[in-house]
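First the structure, in the form of structure tokens, and then the observations on it.
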Amino acid sequence: MSLEKLEILGFRGFSSKQTTEFSIPTGKLGSGLTVITGANNSGKSSIIECLKARGGYQSPSFTVGARNAAADYIEITYVINGIEEKISSLKKGSSETKRSDKDSSLQVFVLPSRRAFNPFFGRGVLSREQYLQNSNLPPQRSSVMSEFQSRLFNILENQDAFNEVLHKVLIFKPEWSIDQSDQGSYFLKFYNGKSSHTSDGMGEGVVSIFAIVDSLYDSKPGDVIAIDEPELSLHPSLQKRVFSLLKEYSKDRQIIISTHSPYFIDVESLVNGSN
């Protein structure tokens, strides 16, 4: 299954219908990579949000702030292997929507640009499938990732596979675990030699890399992964290593990123089919 294109009408800045086409992987490095770039406030994050709107059990609600005032009506069309799926407002001026049947064999894992999470959290475990089924478009853009804590417990159960991918980005192999305070809250614990620190002091760059690797490590060929601004809080050398990882995965997966960074595209990827 391949997501071929996305048509957007009436969502945020899209007052008229606009179309985005996506790269299809061919087995070559970078072939399935789609890079969305442009000036600030040009709609890059809105495209990623429209991909997220397809997730979850229920058709999303679009608040008054999400609807373009000129249209006051939203229609999003996903073209998958030539077949259209639609999400559209029930009527002009309504937050409620309807959607056509969704092909559940194609899931889109969406990672927002704001990748902070609560450093102290409760216990819960979500597989990739469960996480995607619970993934809905929030009414407002949130400053924290929802349900990421439950992904951390899933990572802990599959730490060898996760760390193998993580080590491709970080030149050192981090030693980490999940611990519980005497008050009952859980937190990430990182070791540095004989000392350790908690997720409360975790740098934004490390949080971002953790989340990016989480979006990839348990994915399957044919999956779609969309990442908004993967470069945030990352040193240029780390940006280059993340890009190398995305190129590798895009041989047999569709990787969609929005970015301002020049480090997330190269000639090889373009020659191999990247858009």
Side-chain angles (χ1 to χ4, degrees), residues 3 22-23 25 27-38 40 44-45 47-49 51-52 108-117 128 131 143-145 148 151-152 154-155 158-176 188 190 199 202-275:
L3 177 62
F22 302 108
S23 301
K28 297 180 180 180
L29 277 172
S31 59
L33 179 65
T34 300
V35 180
I36 303 167
T37 189
N40 289 330
K44 300 185 301 299
S45 294
I47 294 172
I48 302 296
E49 285 183 299
L51 294 174
K52 189 174 182 64
V108 184
F109 193 113
V110 176
L111 189 61
S113 61
R114 300 171 183 179
R115 292 188 275 274
F117 71 99
R128 189 181 188 90
Y131 179 78
S143 60
V144 297
M145 293 182 289
F148 182 64
R151 285 294 290 168
L152 290 174
N154 186 76
I155 293 170
N158 302 276
Q159 194 170 133
D160 289 343
F162 178 85
N163 283 346
E164 182 179 349
V165 181
L166 184 65
H167 187 47
K168 293 180 180 181
V169 179
L170 298 177
I171 57 176
F172 61 94
K173 287 188 176 181
E175 186 178 0
W176 64 275
L188 276 179
F190 287 85
S199 46
M202 189 176 175
E204 291 182 4
V206 177
V207 173
S208 185
I209 290 174
F210 250 68
I212 291 171
V213 172
D214 174 53
S215 73
L216 298 169
Y217 88 100
D218 59 350
S219 65
K220 305 182 297 297
D223 281 355
V224 183
I225 299 104
I227 304 173
D228 196 4
E229 299 186 282
E231 71 272 16
L232 291 185
S233 301
L234 299 186
H235 185 277
S237 63
L238 282 178
Q239 292 184 38
K240 293 176 183 179
R241 294 174 75 91
V242 169
F243 175 61
S244 294
L245 184 66
L246 297 179
K247 278 181 61 177
E248 178 184 339
Y249 272 83
S250 67
K251 290 190 298 184
D252 55 12
R253 296 159 175 81
Q254 287 182 272
I255 308 294
I256 303 164
I257 62 172
S258 71
T259 182
H260 293 284
S261 173
Y263 298 115
F264 283 87
I265 191 63
D266 64 0
V267 173
E268 182 182 25
S269 299
L270 292 171
V271 170
N272 289 341
S274 174
N275 286 336

### Query
Is there a side-chain contact between Phe243 and Pro230, using heavy atoms and a 4.5 Å cut-off?
no
### Message
Measuring only between side-chain heavy atoms, which start at C-beta, is Asn158 closer than 4.5 Å to Asp218?
### Response
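No - every pair of side-chain heavy atoms lies 4.5 Å or more apart.
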If you measure from [atom1] on [X] to [atom2] on [Y], what distance do you get to the nearest 0.5 Å?
X: Ile256; Y: Leu3; atom1: CD1; atom2: CG; value: 5.5 Å
X: Tyr263; Y: Ser244; atom1: OH; atom2: OG; value: 13.0 Å
X: Ser215; Y: Arg128; atom1: OG; atom2: CZ; value: 6.5 Å
X: Thr34; Y: Phe22; atom1: OG1; atom2: CZ; value: 6.5 Å
X: Ile36; Y: Ile257; atom1: CD1; atom2: CD1; value: 8.5 Å
X: Leu33; Y: Asn275; atom1: CG; atom2: CG; value: 9.0 Å

### Pair listing, ring-ring contact (aromatic ring centres under 6.0 Å, His included) test, anchored in residues 219-240, at least two apart
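For residues 219-240, and leaving out neighbouring residues, there are no ring-ring contact (aromatic ring centres under 6.0 Å, His included) pairs at all.
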### salt bridge (Lys or Arg N to Asp or Glu O under 4.0 Å) against Glu268, all qualifying residues, sequence neighbours excluded
Lys247
### Query
Residues in salt bridge (Lys or Arg N to Asp or Glu O under 4.0 Å) with Lys168, at least two apart?
Glu248
### Qualifying salt bridge (Lys or Arg N to Asp or Glu O under 4.0 Å) pairs, either residue in residues 206-216, two or more places apart
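Matches after skipping sequence neighbours: Arg151-Asp214.
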### Query
Glu231 and Ser261: side-chain donor and acceptor closer than 3.5 Å?
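No.
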### Query
Any luck finding a side-chain donor-acceptor pair between Ser219 and Arg253 under 3.5 Å?
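Looking only at side-chain atoms, Arg253 and Ser219 do form a donor-acceptor pair, the distance falling under 3.5 Å.
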With sequence neighbours excluded, residues passing side-chain hydrogen bond (donor to acceptor under 3.5 Å, both in side chains) with [X]:
X: Asn40; result: His260
X: Ser274; result: none
X: Glu229; result: none
X: Thr37; result: none

### Task
Using modelled atom types only, decide if a donor and an acceptor are shared between the side chain of Ser23 and the backbone of Gly32 within a distance under 3.5 Å.
no
### Message
Would the distance check show the side chain of Ser250 and the main-chain N or O of Gly30 forming a donor-acceptor pair, the cut-off being under 3.5 Å?
### Response
yes
Just list the side-chain donor-acceptor pairs under 3.5 Å for residues 221-228, sequence neighbours left out, or say none.
{"unit_1": "Asp223", "atom_1": "OD2", "unit_2": "Lys220", "atom_2": "N", "d": "2.8"}
{"unit_1": "Asp228", "atom_1": "OD1", "unit_2": "Ser45", "atom_2": "OG", "d": "3.4"}
{"unit_1": "Asp228", "atom_1": "OD1", "unit_2": "Ser258", "atom_2": "OG", "d": "2.3"}
{"unit_1": "Asp228", "atom_1": "OD2", "unit_2": "Ser45", "atom_2": "OG", "d": "2.7"}

### Summary
In short, Gln239 meets Leu234 closest at the heavy-atom pair NE2-O, 3.0 Å
### Query
Can you name the nearest heavy-atom pair linking Val207 to Met145, along with the distance?
CG1-CE, 4.4 Å
#### Entry: Contacts of type side chain to side chain contact (heavy atoms under 4.5 Å, CB included), residue His167, not counting sequence neighbours
Lys173
### Query
With sequence neighbours left out, what residues match Leu170 under side chain to side chain contact (heavy atoms under 4.5 Å, CB included)?
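In terms of side chain to side chain contact (heavy atoms under 4.5 Å, CB included), with neighbours along the sequence ignored, Leu170 is linked to Leu166, Phe172, Pro174, Ile209, Leu238.
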### Query
Do the two ring centres, one from Tyr217 and one from Phe162, sit under 6.0 Å apart?
yes
### Task
Report the C-alpha separation of Phe210 and Phe190 in whole Å, then their side-chain angles, then the decisive distance to 0.1 Å, and conclude whether the ring pair (Phe, Tyr, Trp, His ring centres under 6.0 Å) test is met.
CA-CA 13 Å; Phe210 250 68; Phe190 287 85; 5.7 Å; yes
### Message
Does Gln159, at its CD atom, have more than 12 non-hydrogen atoms belonging to other residues, nucleotides or ligands within less than 6.0 Å?
### Response
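For Gln159, atom CD is crowded (more than 12 foreign heavy atoms under 6.0 Å).
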#### Entry: Derivation of the side chain to side chain contact (heavy atoms under 4.5 Å, CB included) call for Asn272 and Lys251
CA-CA 9 Å; Asn272 289 341; Lys251 290 190 298 184; over 6 Å; no
### Task
State which residues pass ring-ring contact (aromatic ring centres under 6.0 Å, His included) with Phe148; sequence neighbours excluded, sorted by chain then number.
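Scan of Phe148 (ring-ring contact (aromatic ring centres under 6.0 Å, His included), adjacent residues dropped) gives Phe117.
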